[in-house]
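What follows is a single structure, written as structure tokens, with notes after it.
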Amino acid sequence: MIENLVIVESPAKAKTIEKFLGKEFVVKSSFGHVRDLAKKNLGIDIENNFRPEYIVSADKKKVVKELKELARKAETVWIASDEDREGEAIAWHLQEVLELKKEKTRRIVFHEITKEAILHAITTPRSIDANLVNAQQARRVLDRLVGFELSPLLWKKVKPSLSAGRVQSVAVKLIVEREREINQFSAKTYFRVSAVFKTPKEGRDVKAELSKRFDNEKDTEAFLRKCSEAQFTVQSVEKRPGKKSPAPPFITSTLQQEASRKLGFSVSQTMSIAQRLYESGLITYMRTDSVNLSGLAIATASSEIKSSFGEKYLKVRKFTTKSKGAQEAHEAIRPTYISNRSVNGSSQEQRLYELIWKRTVASQMSDAQLEKTTIRIDLSNAEEHFVANGEVLIFDGFLKLYIESTDEETDEEAAGLLPPLKQNDQLSYKMIEAVQKFTAPAARYTEASLVKKLEELGIGRPSTYAPTISTIQNRNYVLKETRAGQTRQISTLVLEDGKIKQQERTENFGQEKQKLFPTDIGMVVNDFLEQYFEEIMNYNFTADVEKKFDSIAMGKADWQEMISNFYKPFHNKVEETSETSERSKGEKLLGEDPKTGKPVAVKIGRFGPMVQIGDAEDEEKPLFASLLKGQSMETITLEEALDLFKLPRKLGQFEDAEVTVAIGRFGPYVRHQNKFVSLSKEDDPYTIELERAVELIHAKREEEKNRIIKTFDEEPELQILNGRYGPYITYNKKNFRIPKSRKPEELTLEACMEIIKKAPDKPSRRKKS
DNA sequence: CAGTGAGCGAGCTTCCGCTTGACTT
């Protein structure tokens with residue numbers, strides 16, 4: 001017999017709480033939800049007023065069995081799942097599955113994992129809130145209906161195995177729309193003028209910028225000519241105080257953003273590192289939307305600040321959550337013990353911890369005090385004026401510890417200290433420079449900035465940001481890529497000693513690092529969904545249904561009625577689209593083939609995006625070519641499309657065999673006697689000639705020779721080879737690692753066989769879950 | 001790894017939100 005069984009969601013939480021409570025409490029975790037809709041068919045009985053069909057998930061059978069036994073033995077069962085919609089549903093499912101009797105079951109909640117909070121919770125139990133549970137059921141059923149009706153439609157109309165859902169489809173839409181915005185963007189050029197002036201007495205430098213931009217070089221030059229004859233006068237000096245305040249403590253989304261910006265972590269990397277810190281008891285829960293800090297945390301942060309920096313640096317703050325859908329079941333993400341400035345662990349764990357520590361402590365520190373200075377400098381012979389901005393830090397405050405990063409890369413220099421100047425001071429110029437600039441389109445999303453956007457729209461939850469980002473990449477709707485930029489010529493004009501010098505410079509632009517690009521299939525699926533399911537693809541869809549869930553939670557609406565109102569028109573549209581719409585291949589006509597006059601079109605084929613010359617109905621079979629990596633159906637030109645048919649090219653004969661050149665999955669290659677040789681970066685497959693190709697073939701043969709370390713006459717299937725990762729044994733088309741302690745060239749056949757025998761059997765690759 | 005682009009049809013794919021491991025290179 002046990003007196004009390006407490007059930008929480010997370011095992012790490014269970015461990016902590018067990019310590020607070022006495023011996024008469026056994027604390028266990030449910031590991032999140034224990035039941036879900038059946039996966040077969042819909043898992044929803046539509047005919048029967050949307051009755052959900054719940055089953056215990058396969059991976060939860062063991063937990064449920066254990067909990068059931070403990071619950072049977074316990075006098076009182078305390079269900080302490082989180083105080084939000086999902087948590088309430090977990091509580092209800094537990095009550096059902098564990099067959100808990102009402103009189104011995106109590107529902108309790110707490111937001112902080114402190115002894116006081118938990119003891120208080122135990123004195124104030126309540127019963128399960130059926131309305132909140134119903135709101136969750138509505139959420140769950142809606143997502144299942146949308147996902148499991150739209151996905152099969154995509155299998156039929158676009159390609160098998162695709163998926164659609166309330167969250168993922170909108171995430172893809174954001175990326176598709178941004179890409180199109182960038183494609184349609186045309187950069188405008190302008191000239192920015194900046195000057196370095198000299199103060200009259202000390203001759204100190206004053207950097208200033210012209211208030212006006214010129215849109216062509218002629219006007220710019222005319223202005224510089226005026227400058228060469230102008231008198232420069234300080235027209236005004238304006239000083240005003242400024243302040244900066246610290247950012248609130250981390251929640252899931254902001255942690256993901258800052259870890260990406262400051263540490264270069266991917267969203268899923270951040271979450272798994274945070275998970276380890278959490279499991280080691282070093283930080284609080286990492287999936288949260290609340291910026292709230294417990295009283296205890298504020299107190300320890302305060303004493304840490306006082307002892308490390310002094311009283312002056314302390315400013316206790318209460319932050320409030322501003323994001324819309326926030327459910328605030330947890331605290332902000334913070335160190336469990338703020339007195340621990342650093343922790344043991346991997347370097348990634350240490351760096352993430354340090355980031356969390358700084359952000360948490362900085363949030364309770366004073367504002368930084370600044371003095372901002374603006375000096376206006378007028379020209380004697382022109383309307384335009386220069387402005388010099390200065391910023392002096394009077395008191396650093398929280399900046400001592402932590403500065404939040406931004407996504408925008410700015411090329412503006414940070415304002416610094418300006419020399420003392422007063423009105424009517426005369427300045428002379430040292431140098432005035434005009435640099436050609438281009439306007440830039442909106443930036444592509446990174447994983448982290450996409451999370452930020454989703455959160456702003458109230459779409460998705462802290463526990464799903466990382467999985468959503470993975471899903472849209474796994475489905476091949478979106479690719480995370482680093483792409484080299486292009487170069488362009490820019491012009492600069494420099495005025496020095498009364499002379500204007502013009503210079504051309506090359507500049508890189510448009511390079512992208514780990515950014516999200518939509519694929520052709522992503523765009524086709526997006527356009528299909530937008531055409532037929534505008535409502536679900538609307539950025540406000542989630543926010544609108546959330547309002548309805550809220551009213552269900554308040555007991556003002558019936559969940560089945562709400563679902564029914566949504567489902568009827570939705571399902572009709574699915575049926576109608578299934579029957580009437582064409583297969584969606586994203587087909588687009590590019591133009592005419594100049595040689596044959598036949599139409600040239602791009603579309604998604606069985607093996608991905610391709611170009612087709614001619615119609616299927618033609619007598620002659622159409623020609624096909626796959627798009628190359630980096631090309632997109634959206635942006636490919638007729639010329640680029642026709643180029644794809646110039647390969648493979650025949651270069652001529654070598655050693656009585658034909659040499660051809662083409663582009664394959666791994667780039668351009670030369671083919672000869674069924675052997676393939678990659679071209680180097682300098683070679684162009686469209687222009688390469690036989691001589692160079694033969695040279696490459698010879699080089700490859702030389703490399704092959706060095707590749708073979710040892711062969712055995714007795715066993716031709718076995719070879720010792722030199723590979724990319726060092727020497728290895730290949731046998732019957734399987735490869736085996738050679739232990740570091742052995743010298744590969746000295747291995748005997750027997751020794752090789754031994755290594756092969758000892759090698760662990762590779763299990764077949766796990767299927768994507 | 002370096003192609004393919006027809007068609008039949010069985011059987012499978014798929015959602016979002018709660019939680020952790022169990023798996024590789």
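Fair warning: this is a prediction, and the values are worked out from it, not measured in the lab. Quick note: numbers below take in every heavy atom, side chains included, and nothing from hydrogens, waters or symmetry partners. All chains are named by letter (A, B, ...) in the order of the sequence lines, taking the proteins before the strands, and each is independently numbered beginning at 1.
- Nucleic acid contact for A:Gly165: sugar-phosphate only, since backbone atoms but no base atoms lie under 4.0 Å from a heavy atom of the residue.
- No engagement by A:Ala89 is indicated, since no non-hydrogen atom pair under 4.0 Å with the nucleic acid exists.
- Residue A:Tyr278 is classed as a sugar-phosphate contact, given heavy-atom separations below 4.0 Å to backbone atoms only.
- B:dC15 has no base stacking with the ring of A:Phe148 when judged by centroids under 5.5 angstrom apart and an interplanar angle below 30°.
- Side-chain contact annotation: A:Arg287 with A:Tyr285, donor-acceptor N/O pair under 3.5 Å present.
- Across all strands, A:Arg461 comes closer than 4.0 Å only to sugar-phosphate atoms, never to a base (heavy-atom distances).
- If you check every strand for non-hydrogen atoms under 4.0 Å, A:Gly608 touches a base.
- Side-chain N or O atoms of A:Thr336 include one that pairs as donor or acceptor with a backbone N or O of A:Leu282 at under 3.5 Å.
- Contact annotation: A:Arg35 does not reach the phosphate of B:dT19 (side-chain N/O to OP1 or OP2, under 4.0 Å).
- A donor N or O paired with an acceptor N or O is not found under 3.5 Å between the base of B:dG3 and the side-chain atoms of A:Ser626.
- Residue A:Gln168 is classed as a sugar-phosphate contact, given heavy-atom separations below 4.0 Å to backbone atoms only.
- Using a 4.0 Å heavy-atom cutoff across all strands shown, A:Arg475 reaches sugar-phosphate atoms only and no base atom.
- Under the 3.5 Å distance criterion, with hydrogens and angles disregarded, no donor-acceptor pair is assigned to the side chains of A:Gln327 and A:Glu83.
- Taking 3.5 Å as the limit, the base of B:dC16 and the side chain of A:Arg139 contain a donor-acceptor pair of atoms between them.
- When atom types are taken as modelled, the side chain of A:Ser626 and the backbone of A:Met610 share no donor-acceptor pair closer than 3.5 angstrom.
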